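What you see is a predicted model; the values in this text were computed from it and never measured. Chain A is the first sequence line, chain B the second, and so forth, proteins listed ahead of strands; every chain is numbered from 1.
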Amino acid sequence: MTQASVPPDGKAGPRPGAGHLLVLPACLVFGGFVLWPMLLTIRDSFYSFSLVGSVQRFVGGANYAAMLQDPVFWLALRNNVFILVGSVVIQVGLGTVIAAILDRGIKRGSVVLRTIVFAPMVMSMVAVSLLWSAIYHPLFGLIPAAARSIGLELPAGGLLGNPATVNWAILAVACWQYTGFIMVIMLAGMQAIPEELYQAARLDGARGLRAFLHITLPGVRNVLIVATLITMIGAFKVFDLVYVLTGGGPGNASQVLGTYIYENAFTVGQMGYASAMAVVLMALAVGLGLVQLRVSRSTAAGGR
Amino acid sequence: MAKIGKTSVFAAAAAAALLQAAPSGAETQIIFWNQGDASVRDFSQLIVDTFRQKRPDVSVTLEIYPNEPYKTAIQVVMGAGRQPDVFFNWAGEDAARFARAGRVLDLAPFAAGRWEGAISPALLETYFVEGIQSGVPISQHTSLFYYNTAFFAEHGLTPPATMDELIGMCGRIREVAPGTIPIALGAREPWTINHYITMMFARFVPDEVRAADYGLTAPAETLFTHPGYVKGLAQLKAIQDAGCFNDGVNSVSPEEARSLFAVGAAAMTFCGTWCLGPIDREGLEGGYAVFPMPRIEGAEGDQEAIFSVVTGLQISAATRAPEVAADLIAHYVSPEMQAEMFNRLRRLPVTAAALETLEVSPVVAGIIEFMAAAPSSVMPLDVELEASVSQAVLTGGQELLNGTRAPADIMAAIAAAARTAKAELGR
């Protein structure tokens, strides 16, 4: 028994293995509902079968080979990357700026502004999607009506019906909902920066933007990285927003990996092919997750 | 007096709960899935309640899903889940898929004393796939152009007999009533475009060629290569380019398009007979008439074929109560319930006995006569085709109306999907 583990009152500490026992239920749930399905999906990716069919045919790497030659798969991946880049720039960028304004910019009304920006986060994604579907509607929607009232011509087919604008329209909804979440994370990080640093900076004549650039941003660097990684993972996992708004259409213009996997699994009935794409998506998400873990560990190590 | 321990109390409570939850030993439980909106839910509940009166020993759990989610949900549950005993399904490939996988019962042995003799062999045949009677029809539909009779009368318009006349009419409507949409189309769910494409292919491609292509029995290199397919898609694009449809078709839902017609914002819409009820409920009852998809002069296909889709019920092979499930189907197709289906949903019955008892409007009487007299019919492509080929058509339809893909490219993609599907299925 080490010095660190002897409690102050001298009584015996927890029994060896008690901690493992306590986390066992969580491990069982993780194993049964995450790890096992993950392994099954990897196995299924080497087979060809339909959802209702009883025969599974081993095809080796044929599903992966088909994926490499599938233009819709690459289009979906490209759309995911588009949402990723746009989300990082807008959600993280704007969220950080709003957090800075709330932290040090305005005193009156900061609670109200914080609530307004965060409020979309508490709505379900399906409700948000239905709401924005109505706002974008080419015949009855608020945005087209406003555009027409000022003589502005919107693209033919409506914002969600035009391949050139549909992904921007989807990105706008995602940013509207999640910027508040990033704002809250960044605000928490900013509020942990010691006030003395700002006082010292004021003495040196650094205020406003200079203080933001030279004190705030370096001070929340690690939080910023984590927020960025969370946003990136979310961009790869996006499904319900696209599914409700467009279903991946028009045509395949707004397909993302999530909706394309869903379509192949449950509409076309190619479970093996869908599993192969799911494995690729999982690899991307796990890769980003490992990076996030590494950053978190280095943050913790740097903090001691 | 002995103390009652906590353990005893919990055990007694658990036993009481279990006894309450457990069904009575004599009661049979079945699950019934149907698809549709609130009106279908209400009608389905009527089916369940009246069936319970006949069979108080049977408890039916009813689950209703809207159209698009149902298509996915039924596949998922039939693949891996607590399968419904009786469930709705479309005839054609949708029914055949389950029959091929052995997921549904052959209903031929259950016909005697139930629906035998009540439903025409032609209708029953729509569910005869893979050598078994895989389902029983409950309703039959056709798709037609609905037109606003007051609008037509006001502007001196008459139903067109040819496609050229229809396209010319669109231009005339735009001139005389600039705020009125000639034909409302909601292609946010692409099956609506599919119905147009179904008819275009029927009009431009000879029957025997289509049959071989749709069944994937034609040689791989010739699948979907008849020039009539490209002409059919080009014709649909020409209808759009003539200003027939509303703006943003790919962002408007089928229900919104139907409502545009019902409230008078559109002069016409192309819809199935499942739209009769909703259009009546939305205020245009008695204010519309119908005409079929016009002929296309000089096209090689079938100019007389009508759009036809039959819907029905299937029984899961996993059911523990096949006789009860068959009784529920028999109840659904009984003359009383079929008549009630028409009265509440305006869906056309499948039994002659029910048809004879109906009090119908002249429009519906005309539709029934039209369907009975049709020399040939075509099923919608999303019901007829193998799933991946169907998906290629659905996707291509939206791309066609967006102008992002040419008809020839779309047909090339459909042909490629057909070749792959043919190889997979070993046809």
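Judged by distance alone, with hydrogens and angles left aside, the side-chain atoms of A:N162 form a donor-acceptor pair with the main-chain N or O of A:A164 at under 3.5 Å.
Looking at B:Q75, the atoms closer than 4.5 Å to chain A (heavy atoms on both sides) sit in the backbone and in the side chain alike. For chain B, no part of A:S50 is nearby; none of its heavy atoms comes within less than 4.5 Å. Proximity to chain A is limited to the side chain of B:R103, based on heavy atoms less than 4.5 angstrom apart. Interface remark: B:V252 contributes backbone and side-chain atoms alike to the contact with chain A (heavy atom separation under 4.5 Å). Contact of A:L139 with chain B is made through the side chain alone, with heavy-atom distances under 4.5 Å. Of the atoms belonging to A:Y136, not a single heavy atom falls under 4.5 Å from chain B. For a residue to count as touching a neighbouring chain, one of its non-hydrogen atoms must lie under 4.5 Å from one of that chain's; by this rule B:L394 does not touch chain A. Using a 4.5 Å cut-off between heavy atoms, A:L245 touches chain B through its backbone atoms (N, CA, C, O) alone. Proximity to chain A (any heavy atom under 4.5 Å) is shown, for B:S388, by both the backbone and the side chain. Contact annotation for B:E256: only side-chain heavy atoms (C-beta onward) come within less than 4.5 Å of a heavy atom of chain A.
In terms of heavy-atom pairs under 4.5 angstrom with chain B, the leader among A:P163, A:G158, A:S48 is A:P163. Of the residues considered (B:A387, B:A265, B:P190, B:S251), B:S251 shows the highest number of contacts with chain A, using heavy-atom pairs under 4.5 Å. Interface summary for chain A: among B:R188, B:E399, B:M78, the most heavy-atom pairs under 4.5 angstrom belong to B:R188.
Side-chain N/O atoms of B:D213 and B:Y229 include a donor and acceptor closer than 3.5 Å. Side-chain atoms of B:D106 and B:Q133 include no donor-acceptor pair closer than 3.5 Å. With no hydrogens or angles considered, no side-chain donor-acceptor pair links B:E68 and B:Y70 at under 3.5 Å. With hydrogens and angles left out, the side-chain atoms of B:E282 and B:S259 include a donor and acceptor closer than 3.5 Å.
The side-chain heavy atoms of B:R258 and B:T269, taken from C-beta on, include no pair separated by under 4.5 Å. Between B:Y127 and B:L107, every side-chain heavy-atom pair lies at or beyond the 4.5 Å cut-off.
No more than 12 heavy atoms of other residues, nucleotides or ligands shown are found within 6.0 angstrom of CG on B:D247. Around the NZ atom of B:K71, the shell of radius 6.0 Å holds more than 12 heavy atoms that belong to other residues, nucleotides or ligands.
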